Amino acid sequence: MAIYEYECAKCGHYFEVWQKITEEPLKVCDKCGGDLVRLIGNTGFILKGTGWYVTDYVRKEKKNGSGEKGNKPETEKTGNLS
Ligand SMILES: [Zn+2]
């Protein structure tokens, strides 16, 4: 489950909703029938029970980055974050 934020492009109606990852995104505003825009990136989502967290993304991006020296020990291991 993950929290998705939606905002209506027409009337500005904003709300959050818990949905399964596989669930279809909402598209129609229930207030005015306008187009809904799903806001992603503001709220990290957590997949409970999998050990997969948004922080994994950050770490991978750092690892691939060329700006760092890369000598820092990786103290966090996947799966130990619970
Ligand atoms: Zn609306």
Side-chain angles (χ1 to χ4, degrees):
M1 298 287 280
I3 285 183
Y4 292 103
E5 292 176 285
Y6 289 92
E7 190 174 77
C8 177
K10 191 172 178 183
C11 73
H13 175 51
Y14 169 87
F15 62 98
E16 297 174 344
V17 61
W18 279 90
Q19 288 187 296
K20 294 177 182 175
I21 302 298
T22 54
E23 215 166 311
E24 295 241 345
L26 303 177
K27 290 177 181 172
V28 180
C29 175
D30 59 358
K31 300 284 186 186
C32 72
D35 290 334
L36 286 176
V37 178
R38 191 164 76 176
L39 310 174
I40 50 176
N42 290 336
T43 57
F45 60 88
I46 298 172
L47 305 178
K48 288 184 178 176
T50 63
W52 190 93
Y53 289 85
V54 170
T55 51
D56 286 342
Y57 267 154
V58 177
R59 193 156 65 242
K60 281 176 185 173
E61 284 179 8
K62 278 188 178 179
K63 205 171 183 179
N64 292 335
S66 58
E68 297 200 2
K69 294 179 180 177
N71 289 332
K72 292 179 182 175
E74 287 194 35
T75 55
E76 291 180 16
K77 297 297 181 185
T78 303
N80 289 340
L81 297 176
S82 64

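Note that the coordinates shown come from a computational prediction; the quantities given were computed from them, not determined experimentally. We count ligands from 1, going down the list as the structure has it; atoms in each ligand are counted the same way. All residue numbers refer to positions in the sequence shown, counting from 1.
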Nearest heavy-atom neighbours spanning Ala2 and Ile21: CB-CD1, 3.9 Å
Hydrophobic cluster membership, Val28 vs Val37, 4.5 Å side-chain cutoff: no
Evaluation steps, side chain to side chain contact (heavy atoms under 4.5 Å, CB included), between Leu36 and Phe15: CA-CA 10 Å; Leu36 286 176; Phe15 62 98; 3.9 Å; yes
Side chain to side chain contact (heavy atoms under 4.5 Å, CB included) between Gln19 and Met1, intermediate numbers included: CA-CA 5 Å; Gln19 288 187 296; Met1 298 287 280; over 6 Å; no
For the Zn ion (ligand 1), every protein N/O/S atom that sits closer than 2.8 Å, waters excluded: Cys8 SG, Cys11 SG, Cys29 SG, Cys32 SG
For the student: nearest non-hydrogen atoms of Pro25 and Arg38, plus distance: CB-NH1, 3.6 Å
Where Cys29 and Cys32 come nearest, the two heavy atoms and their spacing: SG-N, 3.4 Å
